[in-house]
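Take a look at the structure set out below.
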Amino acid sequence: IPVDQFDLVIFGATGDLANRKILPGLYRRYCAGQIPEGSKIIGAARTEMSADEFRDQTRAAIAEHAGPMADDKKAVTAFLEILEYVAIDAKGDGGWDTLKSLVRTEAVNAFYFSVAPALFGDLAERLHTRGIAGPDARIVVEKPFGRDLASARALNATLAEYFDETQIYRIDHYLGKETVQNLMAVRFANILFEPLWNSQFIDHVQITVAETVGVGGRGSYYDKSGAMRDMVQNHMMQLLCLIAMEPPYHFDPDAVRDEKLKVIRALQPVAPADIVRGQYLASKDAPGYLEDSEDPESTTESYIALKCHVANWRWTDTPFYLRTGKRLRARTSEIAITFKAPPHSIFDEAEGEWRENVLVIRLQPNEGMNLKVMIKEPGPGGMRLVQVPLDMSFAEALGPEGADITDAYERLIMDVIRGNQTLFMRGDEVEAAWAWTDPVIEGWEKRGDRPQPYDSGSSGPDDALMLMHRDGRRWRDIR
Ligand code: BG6
């Protein structure tokens with residue numbers, strides 16, 4: 001879908017996110033013909049540099065992070081021409097007049113706060129009082145959106161002083177992932193699943209986000225966060241919401257977000273016995289968590305597994321098991337929905353092993369879906385049952401376009417320009433997520449719980465296996 005001509009200001013334009021995701025993502029959209037002529041991208045940061053120096057920096061970022069499209073030198077040069085740069089003092093006066101002269105009121109105006117949350121208030125105040133951001137301007141903010149309910153509330157209140165909620169785009173990049181959006185299409189564009197989508201037919205749901213990377217290089221941020229704040233409060237919570245929510249009346253920002261909010265509010269507190277936290281150990285070629293975090297006493301978790309319940313009519317008896325961690329065996333994110341047994345079996349045990357139907361939605365890598373069904377084992381040996389997968393990978397089913405999964409940031413930035421907030425978190429959603437997360441964290445802090453060590457390259461601490469075994473269930477393999 002085409003977008004209108006825009007001026008996008010990126011605060012923190014020299015930072016890591018701008019260089020790794022935002023600028024290369026915009027370049028890819030440029031190559032896709034999605035950036036209308038006359039649009040401008042204005043980098044803003046504390047560093048003094050010329051527009052040409054900023055273009056050089058961006059050229060290098062594209063070469064490193066934009067994939068094969070970076071080889072198109074002509075396109076890179078043309079893209080760099082739409083870039084401007086202004087050195088800005090977020091807490092003072094420097095640069096703001098220049099910025100005002102660069103941002104045209106007749107274009108869509110968007111301001112991306114790719115800076116520490118401590119600066120959100122200063123930026124918002126200056127954009128507003130200096131008349132740079134009008135009532136139709138959009139501001140984009142990144143996670144972490146607070147580190148608990150109180151700080152998230154304070155951030156929301158600060159932004160609300162200058163901007164309406166309809167102008168605020170809080171990014172959770174998981175919502176920009178193609179496969180995450182696909183969850184809504186699968187659930188609400190098919191009749192097959194929805195009649196079975198409840199406690200009567202679903203035994204349990206597993207959500208796994210496993211990573212192979214450690215936290216080296218960002219240990220000081222991560223150590224104040226941990227897996228619960230870094231992944232569960234936001235990304236995994238969003239996945240859970242998309243699985244558990246009621247059908248919205250329309251695919252519309254507030255209709256979708258209202259339903260997600262109800263899920264978060266229906267989440268029960270998590271019992272201490274239903275949480276397992278872990279820290280990765282050193283392997284022969286990589287340091288352990290305690291070295292990466294540079295705090296030998298750290299009790300921050302690099303892994304968490306927990307069982308939670310959505311207390312409403314649809315889900316009352318279906319546990320949701322969530323796990324995420326660093327330095328695990330493989331990089332894999334998936335949601336597995338395990339159905340219950342048919343109410344009565346007409347087959348004897350000797351006629352093959354009955355296994356549950358499982359719907360697996362693979363979020364990354366090898367994006368696709370797999371539905372495990374029972375069939376008759378082919379052959380003359382009588383009626384023997386066997387489980388087979390109905391497997392679909394985007395790449396195979398949709399050809400090269402299916403394999404070309406648009407990066408989450410590209411999609412989300414274009415949605416900002418379009419003015420579509422469906423894939424962004426509303427302030428009340430973020431606060432509700434913290435309201436659920438806070439007591440869990442306070443609980444382990446009060447008890448002084450220490451995370452359990454786990455081997456790098458494993459599937460996490462042994463106790464996490466027990467979390468499911470004691471319920472007569474098991475985690476799917478991480479591979
Ligand atoms: C980020 C977290 O939000 O998401 C990181 O801060 C994590 O710790 C990352 O590695 C995972 O994102 P993705 O897109 O690689 O699954």
Side-chain angles (χ1 to χ4, degrees), residues 67 172-190 192-194 196-197 201-213 227 231-232 234-245 303-306 318-339 355-375 387-412 423 457-460 464 468 473-479:
D172 182 312
H173 79 280
Y174 265 57
L175 288 177
K177 288 184 191 274
E178 197 68 48
T179 38
V180 173
Q181 293 165 64
N182 192 39
L183 289 174
M184 283 186 276
V186 167
R187 280 195 63 197
F188 303 127
N190 295 290
L192 278 184
F193 303 111
E194 200 51 25
L196 303 180
W197 213 255
F201 299 104
I202 294 183
D203 177 71
H204 73 278
V205 177
Q206 296 185 24
I207 306 180
T208 300
V209 177
E211 299 185 276
T212 49
V213 291
M231 295 295 288
V232 177
N234 38 69
H235 308 323
M236 299 197 75
M237 176 78 80
Q238 291 295 324
L239 298 179
L240 187 152
C241 283
L242 297 179
I243 292 294
M245 72 185 187
Y303 174 99
I304 188 163
L306 59 86
T318 302
F320 286 75
Y321 298 90
L322 275 44
R323 67 178 160 164
T324 182
K326 307 279 184 202
R327 280 271 157 75
L328 296 176
R329 180 172 301 143
R331 175 172 186 256
T332 173
S333 302
E334 61 166 42
I335 298 171
I337 292 142
T338 301
F339 292 86
R355 309 269 292 275
E356 305 99 337
N357 294 132
V358 185
L359 173 66
V360 181
I361 302 167
R362 292 189 303 266
L363 304 176
Q364 62 189 28
N366 187 17
E367 293 81 358
M369 283 168 56
N370 180 321
L371 177 63
K372 297 198 155 86
V373 293
M374 300 301 296
I375 61 161
Q387 191 175 55
V388 291
L390 289 177
D391 208 2
M392 184 278 284
S393 85
F394 279 11
E396 278 169 27
L398 304 173
E401 277 172 31
D404 182 24
I405 305 265
T406 312
D407 182 76
Y409 278 92
E410 290 175 45
R411 166 174 308 269
L412 293 174
L423 300 176
S458 71
S459 0
M468 290 203 85
R473 303 185 173 106
R474 45 179 302 207
W475 291 109
R476 288 168 46 77
D477 289 342
I478 293 178
R479 50 178 170 183

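Note that the structure is predicted; figures quoted are calculated from it, not measured. FYI, the numbering just counts along the sequence from 1.
Within a 6.0 Å sphere centred on CD of E194, heavy atoms belonging to other residues, nucleotides or ligands number more than 12.
A 4.5 Å side-chain heavy-atom check between L390 and M392 finds every atom pair outside the cut-off. A heavy-atom distance below 4.5 Å is not found between the side chains of Q238 and L183. Side-chain contact between K177 and E367 is absent, with no heavy atoms from C-beta onward closer than 4.5 Å.
Distance OG1/T179 to OH/Y174: 9.0 Å, rounded to 0.5 Å. Expressed to the nearest 0.5 Å, how far OG1 of T208 lies from CG of L363 amounts to 9.5 Å. To the nearest 0.5 Å, the span separating CZ on F193 from CZ on F201 amounts to 14.5 Å. Expressed to the nearest 0.5 Å, how far CZ of R323 lies from CD1 of I207 amounts to 11.5 Å. Separation of atoms CE (M231) and CE (M237) is listed at 13.0 Å; rounding is to 0.5 Å.
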Problem - Chi angles and distances behind the side chain to side chain contact (heavy atoms under 4.5 Å, CB included) call for R473, D203 - result: CA-CA 10 Å; R473 303 185 173 106; D203 177 71; 2.7 Å; yes

Exercise for the section: Tell me, with the steps shown, if L359 and M369 meet side chain to side chain contact (heavy atoms under 4.5 Å, CB included). Expected result: CA-CA 7 Å; L359 173 66; M369 283 168 56; 4.0 Å; yes

Exercise for the section: Could you please spell out the steps behind the side chain to side chain contact (heavy atoms under 4.5 Å, CB included) verdict for L242 and L175? Expected result: CA-CA 10 Å; L242 297 179; L175 288 177; 4.1 Å; yes

Exercise for the section: Output, in order, the C-alpha distance, side-chain angles, deciding distance and verdict of side chain to side chain contact (heavy atoms under 4.5 Å, CB included) for R411 and Q181. Expected result: CA-CA 11 Å; R411 166 174 308 269; Q181 293 165 64; 2.9 Å; yes

Return all side-chain donor-acceptor pairs below 3.5 angstrom for residues 327-338, not counting sequence neighbours, or 'none' if the list is empty.
| unit_1 | atom_1 | unit_2 | atom_2 | d |
| --- | --- | --- | --- | --- |
| R327 | NH1 | P287 | O | 3.1 |
| E334 | OE1 | R476 | NH2 | 3.2 |
| E334 | OE2 | R476 | NE | 2.5 |

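Between H235 and H173, the ring planes are perpendicular. Angles over 60° get that label, and only those under 30° would be called parallel.
Listed here is the closest heavy atom pair of A464 and Y303: CB-OH, 3.3 Å. The heavy-atom pair separating V209 from T324 by the smallest distance is O-OG1, 2.8 Å. Between Q206 and R474, the closest heavy-atom pair is NE2-O, 2.9 Å. When all heavy atoms of V373 and N357 are compared, the pair lying nearest together is CA-ND2, 3.6 Å. Smallest separation of non-hydrogen atoms from W475 and A305: CZ2-CB, 4.0 Å. Between L240 and F320, the shortest heavy-atom contact is CG-CD2, 4.1 Å.
For the pair R187 (side chain) and I243 (backbone), a donor-acceptor distance under 3.5 Å is present. Looking at N190, its side chain does come within 3.5 Å of a backbone N or O of V186 through a donor-acceptor pair.
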